[in-house]
Amino acid sequence: MSGSKPDILWSPHHPDRYVICDSELGLYRIGPVCSAETKPGSLPLSEETAATLLAINSDTPYMKCVAWYPKQEPECLLAVGQANGRVVLTSLGQSHNAACKELVGKEFVPKHARQCNTLAWNPVDSNLLAAGLDKHRADFSVLIWDISSKFAAETGVAAEKSRLPPMDLDSGTTVTKPLYEIGQNDACLSLCWLLRDPKLLLAGMHRNLAIFDLRNTSQKTFVNTKAIQGVAVDPHFHDRVASFFEGQVAIWDLRKFEKPVLTLTEQPKPLTKVAWCPTRTGLLATLTRDSNIIRLYDMQHTPTPIGDETEPTIIERSVKPGESQIGSFAWHPSSQNRMVVVSAANRAMTDFTVFERISLAWSSTSSLMWACGRHLYDCMEESAEGAERAAEKDIATKMRQRAQSRYGHDTVQVWRNHLLAGGNDPQLKSLWYDLFYILQWSAEDAELKLPGNKQSLYSGIKNIVKSSSGKEVSSRRCWIGSERQTDVPRYHSEERSLALRLCGWVSRGSDIDVETFLRSLEQEQEWERAAAIALFNLDIRRAIQILNRGLSSSPAGDLNLNVVAMALSGYTDEKASLWREMCSSLRLQLKNPYLCIMFAFLTSEPGAYDAVLYESSIAVRDRVAFACMFLSDAQLPRYIEKLTAEMKDAGNLEGLLLTGLTKDGVDLMESYVDITGDVQTASFCMLKGSPGEVLKDPRVQCWIENYRNLLDAWRFWHKRAEFDILRGKLDPSSKPLAQVFVSCNFCGKSISYSCSALPHQGRGFSQYGVSGSPTKSKVTSCPGCRKPLPRCALCLMNMGTPVSNCPGAGKSEEKADLTRENKLAKFNNWFTWCHNCRHGGHAGHMLSWFRDHTECPVSACTCKCMQLDTTGNLVPSDSS
Amino acid sequence: MFVARSIAADHKDLIHDVSYDFHGRRMATCSSDQSVKVWDKSESGEWLCTASWKTHSGSVWRVTWAHPEFGQVLASCSFDRTAAVWEEIVGESNDKQRGLSHWIKRTTLVDSRTSVTDVKFAPKHMGLMLTTCSADGVVRIYEAPDVMNLSQWSLQHEISCKLSCSCISWNPSSSRAHPSMFAVGSDDSNIASGGKVQIYEYNENTRKYGKVETLMTVTDAVHDIAFAPNLGRSFHVLAIATKDVRIFKLAPMRKESSSTGPSKFEVQIVAQFDNHNSQVWRVSWNITSTLLASSGDDGCVRLWKGKKLVHLQQEHRRLPSVGNRLQCSDRFLIFLRWVHD
C-alpha cells in the first residue's frame, strides 16, 4: 500500500461506494452507465457500470495501510496507518455531525516511530482499532487503540510507560496511550480479528502466527511458520484462516493450529493479496505480482475419510479480468462474486464478476437447461413468428413439426408431401415431384404392361441417358409461327422422352407436347419459367403470350416481362446482327434467371449452351430437360455425369432426378444427411424406392433406425407406429416378428398358434374377440388341450369371452366409452396381465379399473400394476 | 428466438451438472451439497422437483440417465471417489407422499482411488454399460450382465490414460459400421504433456479398447467433450471445451472388410471459436447435432449453428427475472460451413 501499489476498499455500508488508496484516498460511486451521454468524470468500469469520483482526500501523507470504520455512523470514516507508525482518522463523508467531528483528525502515536504495516477494526467493539507495526527492540508491535478515549485520559495516568517522551502533543487530538500493547520486540505484518470471539486477535508476527487474547495479553497461542502475511478469516467458516508467504498460500484450521491443513500450489511470483469471497463459501482469490490473472481456489467439503487422513481437494481456476497487470482487487461485500480490480500501471478500474461455471444440457425436445451457481435456467425456442423465421428453424424443430403434419405419409399424391413439409423448401419440392413422376409413370407403365421400363424409371436419368446412346434422331424444326428453318438441332429418342417425362415437362405419348405443363405453370404464376420452356420448345409466339399474360396479371406490372417480350419478338437468327450483340450483353442485367437463359439460348451457337446448362439458379429439372432436347449423344452423358457428381457433392436433393433411387441416389442422400441431419426425408424417400436394392443398403437402414429413435425420443408413439406400418407395407422384410405369445397354463402351447398360421399377434387374438359370433364363443378354452383359459380378474369370465358391458361398473359414460372403443378395435377383448403380479383380464376391464384404482383388482394383491412402468405412464405427445 | 426463465433449484451449493432423460421429460441435477435432485415436467411445462436425496459424501460432479429401456436409472459420480447407480421405485411410495418418488441405491462403484470426474452410460445398443473416469487417469467400463439386476456390475475394462481425466463421451452411433468408441478429455494444464483428448475404440479381436487417436493439437486443459448424435451421418463430430470451443470431424477411412486392425480416421478441425474469450466449461449438442451450446467463464451461454452462429448472453450478475429475453444478436454471424467442406 505504498505509493507504488494501489489498494481498494469497499464501503461496509454503501454497496455502491469504494475507496482507492494510493498516495491519496479517492472515494468512488459505482452505478450503471448512463445511456444518453456519459457524465463528465464518470469512468467506465464494464459494459454496464461506471464509476464517479465523489471525493479525494490527500490530507494524510505517507499512507501505508487503510481500514474502513465498520459502523454505519459516522460514514466514510477511515483509519490510515502512516510510515512513521501514526494512525490517523480521516473522513471522506459529507455528513459532519458532532460524533464525526470529534473523531476525524484524531491521531494515535506510538512511542517509537516506525512503519505501520496493518490496521484492523474490531468487528464487534468498533472502538477498538488494532495496528501492526515494524519491530522495535524497546516497544510493542501490536497496539490496540481505543478511538473513543478522551484526550484527557492520556495526559492523566501515563504511569507505567514513563519512558515515553511526549513527542508532538501539540494539539488535543493526539492519543499516545494504547489500550493494549502486545508483541514486544517483534514485528507485526498482518492482523485480523477472529470472528468467533471478538476478544481474539490473530497476528502475523515475525516467523510465527499468534493468537492474542485481550483478556490476558501476556499469553499467546502461536505456531512457527513463514506464512505470516495477509492473514484473513473465512467469513463463512470462522475457524478457517488463510495466510501467505512468497508464492505460497497456507490454509489454517484454528482448531488444529499446529500446521496448515492445506498448502496451495506455489506460484512462481510472490503473492500480493489473498481474500475470501464474502458471498460464497470457501472461495479464495489470490493475486501474484506482475500478473493479469486472479487465481481462485474453491475449497470443497472434505469427505469424511475412513481411517487415514486426506487433504481436502480444491478446484483451481483462474480468471482474467483484463489484459493489463493487476495492482489489487477487492470483493464486493454483498453482490455475488463481484469484485473491482485496479490495474497496476495506470490505475484503470474494472468491475468484474467471477461467474460460476455453467453446466448445460439440451433436451430431445430442443430446450436448453443450464445451471449457474445454485440457479437453473430453462431456455426454450419460442414458437416461430412469421414465415421467414421458418427457414431459420433448426432441423430438429422442423422434423418434429413435419412428423406432426404427417409428412411423408401421402402415398397417393406423393408431390403433396412437400406441402406437408411446409412448402418452403425448393429441394424438398423437387424431391417429392421427382418421386411423384417416378411412381406415376412406373404405375402407368405397369398398367399398360409396357415391358422393361420400370427398373429404368427408378434408376434415374443418368442411367436412362447412358443406355440411349446410338439411337438418337436429330431434327431441325421450324420455329412455330414462323416459316424460318432453325439451325438448332433437336434430338429425339425413346429414352430422351422418358427423361423429359421424369422432368415433368411432357406427359405420355410419342409427341412432345408441353402445353399441359405450360398451363399448370401459368396457373401457378411461374411466368418466366413457362416462357422459357415455351421458347425451348421453339414457340416464340407462345412465350411472348405467356409473358404478356404475366404482365397483365401481376398488379404492379413487372416491366421486365414487357421488355423481354418485346425483345423476343425481334429475334433474328442472323449471326452478326445488332440484336444478337445487344441481347447477349444486356441479358446479364436481367435479374430473373429464366429470362436470362432465354436470351442465352437464342444467342448461343448450336451445341454450345453452357450459359443455360451451368446457370445454377435454374432448377435442375429444367436444365436436364433442356439438355435432353438440345445436347447430342456425345455431349449429353458427359453433362449429366458432371451434374450428377456436382449434386452428389453438394447433397442437393434436386439431383435425385438424375441418380434415381439407386446406389448413386443413396450416395447423394448421404451427403444430404451429412449436411442437414434430415433423416426423416431420407427415410421416407428411400422407402419409396422399395422393393429395391436401396433398402438393403446399411446406410438406409441406419437412417430409418435413427428416425424411429427420434420419434421415440419425442414420444411420438402413434407416429412411430404409423411409420412402422408404412414401412412394413413398403418393405415387408422389416415387419417385426411377434414378440408376445400367450401360452396355455396346461399344455404350454401358444393359444394363437392353432388359430392362425401367421405368427402375427393381432390376427391371432382377433379370433377371440368378435362378440356374439357362435363360432368364436368356443375359444374360451385352449385350442391345444381344450382346457379353459384363465378368467378375467374383474368379470370372472374365462378369457375369450367377449367383453360384456361391464356388469359391475354402473357408470353409463364408461359403458359408452367401452362400446365406442369396441367398434374401433377389438382391443377390449384382448388379454392383458401385469408382469409383476401376473394378474390380468380383459384389457377393457383393466383399463377402466385402473382409471379409479392404483392397486391390482385381485383381492389381497397390493401390486400397483399400472405405476410400475414409468415409461408406460408417459403420455404420448402426438395426437393419434 | 430463445427465451429463458429461472427455476428455483433449491440446491444448497453449486450445481455441477444438469442432465435430461431420453424423452426430455425428466431432469436430474447434482451439486456440491452432495445431493441429487430429480425434476419432472408437468403438463403445463413447469419443472417440479420430485426427489432429492443425499447421494455421496462429497461434491457430486456429474449425473446421467440410462436409456428408459432399462428403467428409470441414474448414475452419479463424486469427489468421494465413488460412482453410484440409482433406481426409482414407484410401487412402494405411499399415498401420503404422492408426487414424490423414491430412489434407492443399487450399487456403489468403489474402484477409483481418486475423485471420479465423469460418469456416462454407453449407447443403448451395447447393453447396460457404465463408464467412469477419474482424476488419476483411469477409465473404467462396467457392465450389468443382467439388466433386471442393477446391483450386479462387473468391471469389464480398465484403461489407463496416463493423464488426469476430466470428461468422457461415447460415440452414440449405433451403426454396425462403426465399432464402439469413446473419447476422454484431460484437464491437465501442462502443455508439455501432449494432446489432451484421446479416442479409444473396441477391437473385436483382442476384445479390448485400444487408443486409435490422440488429438495432438489440443494441448490446453479440456473441461468437457461431446460426441454429436450421429444420426446416420458418415462421419463423427466431436466438440471440445478447452480454452476455446473446438469442433473436430472424424471421418472413418474406408478399409477393407478383411482388415482387423484399428480404424483409421481422417481427423479434421472444422471450427474453432474463441468468442468466450476465456476458458470454456461445457459443450452440449442438440438431438440432431445441428446446434451446439457452450458455456464459458465469461458467464455466457452461446449457441452455435452449422452454417452460422447465434450468440446468446445471459447476465448472471443480476438475478434475471422470469421470462428474461436473451440477446440473440446477429453481430456474430459467421459463415462457417463446418459440417461439410
Engaged part of [X] at the chain B interface, taking heavy atoms whose separation is under 4.5 Å:
X: A:Ser318; value: backbone
X: A:Asp712; value: both
X: A:Asn709; value: both

Partner chain B: residue of A:Leu376, A:Val673, A:Asn706 with the largest heavy-atom pair count (under 4.5 Å):
A:Leu376

Flag the one option from A:Ser335, A:Cys702, A:Cys863, A:Ser364 with the top tally of heavy-atom pairs under 4.5 Å to chain B.
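Looking at each option in turn, the highest pair count goes to A:Ser364.
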
A:His375 vs A:Tyr377 aromatic rings, parallel, tilted or perpendicular, using cut-offs 30° and 60°?
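It falls in the tilted class, 30° to 60°.
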
Aromatic rings B:Tyr20 and B:Trp47: how do their planes relate, parallel, tilted or perpendicular, breaks at 30° and 60°?
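Correct class here is tilted.
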
My understanding is that only residues two or more places apart in sequence, or in another chain, count here; which of them pass side chain to side chain contact (heavy atoms under 4.5 Å, CB included) with A:Arg400?
A:Thr365, A:Trp714, A:Phe716

Suppose we screen for side chain to side chain contact (heavy atoms under 4.5 Å, CB included). Which residues come up paired with A:Asp697, at least two apart in sequence or across chains?
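Here the qualifying residues are A:Val666, A:Arg699, A:Val700.
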
Part of B:Ser278 within contact of chain A (heavy atom distance under 4.5 Å)
neither

Closest non-hydrogen atom pair, B:Trp61 against B:Ser115:
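Taking B:Trp61 first and B:Ser115 second, the nearest heavy atoms are NE1-OG, 2.8 Å.
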
Which value, rounded to the nearest 0.5 Å, describes the distance between B:Arg62 atom CZ and B:Cys30 atom SG?
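Separation between the atoms: 8.5 Å.
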
Against chain A, work out which of B:His56, B:Gln279, B:Met27 has the most heavy-atom pairs shorter than 4.5 Å and name it.
B:Met27

Best-contacting candidate, B:Ile287, B:Val283, B:Thr29, against chain A by heavy atom pairs under 4.5 angstrom:
B:Ile287

